[in-house]
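Below: one structure, written as C-alpha cells.
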Amino acid sequence: MTDLTSLTLAEARDALKAKSFTAVELTDAYLAAMEKARVLNAYVAETPEKAREMAKTSDERIAAGKAGALEGLPLGIKDLYATKGVHTQACSHILDGFEPTYESTVSANLWADGAVMLGKLNMDEFAMGSSNETSHYGSVVNPWRRNGSDANLVPGGSSGGSAAAVAARLCLGATATDTGGSIRQPAAFTGTAGIKPTYGRCSRWGLVAFASSLDQAGPIARDVRDAAILLKSMASVDPKDTTSVDIPVPDYEAAVGKSVKGLRIGIPKEYRLDGMPAEIDALWQKGIDILREAGAEIVDISLPHTKYALPAYYIVAPAEASSNLARYDGVRYGLRVPGSDIVDMYENTRAAGFGAEVKRRILIGTYVLSAGYYDAYYLRAQKVRTLIKRDFETVYAAGVDAILTPATPSAAFGIGEKADADPVEMYLNDVFTVTVNMAGLPGLAVPAGLSAEGLPLGLQLIGRPFDEETLFTLGSAIEKAVGTFAPKRWW
Amino acid sequence: MNMAVRTPDPKKLIKGATGDWEIIIGLEVHAQVTSNAKLFSGASAVFGAEPNMHVSLVDAAMPGMLPVINEECVAQAIRTGLGLKAAINLYSVFDRKNYFYPDLPQGYQISQYKQPIVGEGKVLLDMPEGVVEIGIERLHLEQDAGKSIHDQHPTMSFVDLNRSGVALMEIVSKPDLRSSEEVKAYLAKLRTILRYLGTCDGNMEEGSMRADINVSVRKPGDPLGTRCEIKNVNSMRFAAQAVEFEARRQIGIIEDGGKIDQETRLYDPGKGETRSMRSKEEAHDYRYFPDPDLLPLELDPAWVEGLKAQLPELPDEKKARFVADYGITPYDAMVLTLERASADYYEQVAKKRDGKAVANFMINELFGRLNKDGKGIEASPVSPEQLGSIVDLIGDGTISGKIAKDLFEIVYTEGGDPRKLVEERGLKQVTDTGAIEKAVDEVIAANPDKAEQAKAKPTLSGWFVGQVMKATGGKANPQAVNDLVKAKLGIE
C-alpha cells in the first residue's frame, strides 16, 4: 500500500468512498506520521484515542451508506478553536489546563460532516505573531529548508502549526484563523493553500477572540480543491454569532478548475513596494502571465490608501485585543498566580500568563483607547479602515473581479532571525494581507513557485465580498500552471 | 450639562449663613428590565436563585463566547422610551466600558455610550404647587454586573454571577430637580410609569431600581456649581435624605470659604451622611469603544410603531381621563392611578356608579386598610364586586356611612356578599319613622335643659342627632333623624 498520507483530502475522500482503505487505517497513518514529526512541534496536543474513535464511527457510517462530506478525513485544529474536553489555550500560558465544555461552531460543523480530529495545532500566542515564535509551547519548525541548509525556518504565523502540519503531511487539512494574514502568510511560507473567507462567512463562536472585527476562520490545505472542500463544511450562518452572515454556502469545489476566461484581474500598483525582493516581483509577474494566458483580462488598478493599512491595523487590532483579553484575569479559569489582594493577583497572573508580544499589544491597545488618545488613534484608524474599504469597492464597481498581489514580501526566515529586530519589522510581514482583513474581504494564498533558495512563495488573490468561488477558480488556474509543492522529508 | 433653567422657587431654597441656596439635582436611574432572559445570553434573569445558578457561558465570559442581543429587552427599552415621551433612536450602538473587577467576568460592561437607544423625553411630577416637568436626557441599555460577597470567608471573596448580564435601563434625567421632595416624586413617578409599562418591576429592595444622584448647589441665578455623585441609592427615602445631607454639606463647605471637589460619594443610611468614595482624579478611564462583537442596532420603524400601538394607557393620561369621566379631583385621580392595578380596580367599581363616592371609599377605607396590613391592591381581600356592593348599599340608603365602615371590615376579614351580610346581621338602616321618633322623644325627654338651649342655638341639634344614632346602634337613617330632631325641637 502507498503511503496514505501522500493523498490529498479529495483523493482520500474518494478512496474512502471506494472502500480502498478504512478511516481507521487512514487515521493510524496520520497518527504514526505525527509521532515521527514531533521535532516540528506542530501539534500541542495529540488526541489519538479520540481520533481512532471518530474514525471507527466514520467507518460505520461509510458502511451504512451514511457518509458525510468529510467522512473519515483526519484534520488538525488550531489551538484557538474551542474543542470540547480537549486542550484549548490559544497557546497561552494564561489558559493553562483549560478544556472547554463546548465545541466551536466551525469545528462542530466539521465533525458533523464526519471529519476526524487528530489534535490541536500550535500557533502564536492568542494569534499574535507572524512566525509562530510567540507560542507558549515553543516555535514550530517549518518542514521546508533552504537548499543545502539544515537551519530551522519559521512556518509563518499565527497559524504556523496548521501550515506546518499540512505541508509535512501530518493531517489532510487544518483549521486556521486570520486576523491580519495569519492564514495566508503561513500558507505562503509552507507551500500550502489557505483562504481567509469574507468576514461573517464562518462563525466566530468558540474561537478565542483576538480582534473581533477582523478575526475569521478558514482552512489551510494541500491544494486549492482541498481548501474549497474544507471551507464548504466550515462556513455557516450561526445564531450565536450575530456578525455571521445568512448567505447560502455555495459548492466551492465546483468552482475549482473552471475557466478564468473573461475575468478581470486588478494589479494594484501600491503593492509594488520599494526594496521588494526581485524574486517576489518576478513571482507576481509570473502569476499575471499565467492568468493572462488562461484568458483573464489584466488591468492596472490603484488602491490609494494601502500604505495606511498596516499602521491602522496595528491600532484597531490591539485595541480590540486589549479588551478581549481582559477576561483572562485568574478569577474563573486558567492560570492564577496568587497575590496579596485582587489587584495584586490580577497583576501577578497577567504578568506571568501573557508573553511579551501579547503584553506589547495589550499596552498599545490600552493606550490608543485611553481618554485623550481615542480620537487621534482609534477613531482615525477606523476612518482609514473605511477609506481602505472604499478603495476596494471602487475597483470592484469598475468591473474588477479579483485582485492579484504577492502574499508575503519574502520567503520564510530563520527561527530567531528577527528576535532582536524592531517589532515593526515583524509586523511588515502582514503588509500585503492586512488590507483584506480591514476591508472584510476574502483572500486566498496559493503557492506559485520556489525561491532561489528552494523555499515556497505564494501569491494572494483578493475577491469581492462572499465571492470565494472566483478565488478558487483563479487559484486553481495558477495551481494548474505551477503544480503543487511538498517539502523533502528530513524529520 | 444641560442648563435647563427653572425659575427658583423660594419655598425650595435652603437657608444658609450667607443667604439662600438652590439645589440642582440630576438622577441616573438604573432600572432592571423585566425579561425572562439576560440582555445578551439565554440565562434566566429571575431574581432570587441560589448563587451562580443563572449563569451561561457568555455570562461567565468563557473564551470564544459572543453576545447575542435579546429582542425583548430592546422592545422593553423602546416601550419605556415611548412611555417617557422620548425620541426613539432607530440606530444605536453598543460600546464596551472597560474595567477590572471580579464580578465583571468579561473585563468590560456592554453599555451604550455615544449613541443610546432612546433620546430626550420628559416626566411630569404632581407637586403641591402644580405640575413640574423633568427632562429626560437619554435612556440606554447595559449589562448588570455580578455580585461580590465579602463576608463568607476570612480571606476570600465570593462571586455570584446570577445578575451578571441582566439587562438594565439607565434613565438619565436632566439637572431639572430642585428639592428632595422632587427627587422622591420623580422616583415614584418613574416607578409608576415603568410598572404601568411592565418594563421594570420597580422593586427597590431587590435592587430592581437604583439611583445615582448628582447634587450641586448655587446661589439663585448663579452658574451651576461643582457636582458630587451619590452612587447606588436604593430607596426613595434614602434618596431624599442623601440629597438633604449632601446639599447642606456642600453649602457648609462653600460658606466656610472652601470649594467642592467633584467626586463620587456613598450614602450611609445608618449614619445619615454621605462620604467620599473616589475623587475625580481616581476616576476610571473606561476606554469606551464600540463592541466589535455586536453590529449597530438598527430598528425597523414599523416595529417601533407596533410597540407604540400596543402601549397601555399611561398614568398621566389615565389621571386626566378619570377627572373628566368620573368627575373626581385631580388629587384623587393621581392617588388612584399611582398603580395600574388600583386604577383598574377603581374603574371596575366606578363604572355605572358615582365615581366620587367610589373614589372616597377606596382611598379612605380600602387603601387605609391595605396600608395597615402592608398589602398591595393585588392582595386585597375585598373584590371590586364586593366594594361596589357596599357603595351601592350606601347609595340606596340601605346602610349609613358609619355602618358601611363596619360592613367593610367584616367583608375584609371574613368575606361574603355584603348585601346578604346586611340582612343576616341586621345592619339595615332604620327608616321606620315611628321607631326613630320614639328614640328622639326619649333623648329629648332625658335632656330637657339641652333641648331648651337648642331652641336658642340650633347647632346643638347635632348633639341630639348623635345621641339618637348612638341609641339606635347607628342604624337609623341620619337624614330622617336630623329632620325629626329639628321638628321636635322646633327649629327650622
Side-chain angles (χ1 to χ4, degrees), chain A residues 80-82 88-90 92 95 98 100-102 104-105 126 200 203-209 211-215 238-244 316 319-320 322-334 341-343 345-346 350 365-374 378-379 382, chain B residues 40-42 52 55-71 74 93-110 113-114 146 148 150 155-159 161 164 280-281 283-298:
Chain A
L80 198 81
Y81 288 68
T88 299
Q89 292 186 208
S92 178
L95 273 166
F98 183 68
T101 58
Y102 47 93
S104 79
T105 298
F126 284 109
S203 168
R204 291 183 297 113
W205 193 86
L207 264 56
V208 175
S212 311
S213 72
L214 301 159
D215 295 345
D238 183 359
K240 291 184 286 188
D241 174 6
T242 51
T243 63
S244 69
V316 173
E320 294 183 11
S322 70
S323 176
N324 281 335
L325 269 56
R327 64 186 58 199
Y328 308 110
D329 57 6
V331 173
R332 296 170 311 289
Y333 46 75
D341 59 19
I342 185 73
V343 173
M345 189 280 278
Y346 285 152
R350 289 167 68 85
T366 303
Y367 180 81
V368 299
L369 288 177
S370 297
Y373 298 99
Y374 179 89
Y378 186 78
L379 207 58
Q382 290 294 14
Chain B
F40 295 111
S41 87
N52 295 312
V55 186
S56 74
L57 295 167
V58 175
D59 308 324
M62 300 307 275
M65 291 301 100
L66 299 171
V68 176
I69 186 84
N70 178 343
E71 186 179 324
V74 175
V93 174
F94 285 101
D95 297 278
R96 292 185 183 177
K97 179 181 180 178
N98 295 281
Y99 65 97
F100 284 92
Y101 206 67
D103 59 24
L104 187 76
Q106 295 169 136
Y108 55 83
Q109 176 196 35
I110 305 177
Y113 184 47
K114 285 187 181 157
S148 292
H150 302 294
T155 58
M156 311 276 265
S157 290
F158 292 165
V159 176
L161 296 180
S164 167
K280 194 184 176 187
E281 288 69 35
H284 295 290
D285 179 353
Y286 290 119
R287 292 173 281 120
Y288 281 100
F289 76 108
D291 191 325
D293 284 332
L294 293 160
L295 300 169
L297 189 60
E298 292 182 63

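By convention in this document, chain letters (A, B, ...) are assigned in the order of the sequence lines, proteins followed by strands, and residues within each chain are numbered from 1.
For A/Tyr102, the part lying under 4.5 angstrom from a heavy atom of chain B is the side chain only. Contact of A/Asp215 with chain B is not made at all, since no heavy-atom distance falls under 4.5 Å. Heavy atoms closer than 4.5 Å to chain B are found in the backbone of A/Ala319, but not in its side chain. Proximity to chain B is limited to the side chain of A/Leu95, based on heavy atoms less than 4.5 angstrom apart. Residue A/Ile342 touches chain B through its side chain alone, counting heavy-atom pairs closer than 4.5 Å. Contacts of A/Ala82 with chain B are absent, with no heavy-atom separation under 4.5 Å from either backbone or side chain. Proximity to chain A (any heavy atom under 4.5 Å) is shown, for B/Tyr286, by neither the backbone nor the side chain.
Counting heavy-atom pairs closer than 4.5 Å to chain B, the top residue among A/Leu325, A/Leu80, A/Asn324, A/Val208 is A/Asn324. Contacts with chain A were tallied for B/Pro67, B/Pro102, B/Gly42; B/Pro102 has the most, counting heavy-atom pairs under 4.5 Å. Chosen from B/Phe100, B/Tyr288, B/Tyr108, the residue pairing most often with chain A at heavy-atom distances under 4.5 Å is B/Phe100. Of the residues considered (A/Leu207, A/Val343, A/Leu214), A/Leu207 shows the highest number of contacts with chain B, using heavy-atom pairs under 4.5 Å.
Put simply, the side chain of A/Thr242 reaches to within 4.5 Å of the side chain of B/Leu294, judged on heavy atoms. Contact annotation: the side chain of A/Thr101 approaches that of B/Leu57 to within less than 4.5 Å [non-hydrogen atoms, C-beta and beyond]. In this structure, the side chains of B/Asp293 and A/Arg204 come closer than 4.5 Å at one or more pairs of heavy atoms. Inter-residue side-chain proximity for B/Phe289 and A/Glu320 is flagged as met; some heavy-atom pair is nearer than 4.5 Å.
Note that the CE atom of B/Met62 and the CZ atom of A/Arg327 stand 10.0 Å from one another [nearest 0.5 Å]. Distance check, rounded to the nearest 0.5 Å: OG1 of A/Thr243 to CG of B/Leu66 gives 6.5 Å.
For A/Tyr333 against B/Ala60, the heavy-atom pair with the smallest separation is CE2-O, 4.2 Å. Residues A/Ser323 and B/Arg96 come closest through the heavy atom pair OG-NH1, 2.9 Å. When all heavy atoms of A/Ala326 and B/Gly107 are compared, the closest pair comes out as CB-CA, 3.8 Å. B/Arg287 approaches A/Ser322 most closely through the heavy-atom pair NH1-OG, 4.4 Å. When all heavy atoms are compared, the tightest approach of B/Pro63 to A/Tyr328 is CB-OH, 3.7 Å.
The local environment of OH in A/Tyr374 is crowded, with over 12 non-hydrogen atoms from other residues, nucleotides or ligands closer than 6.0 Å.
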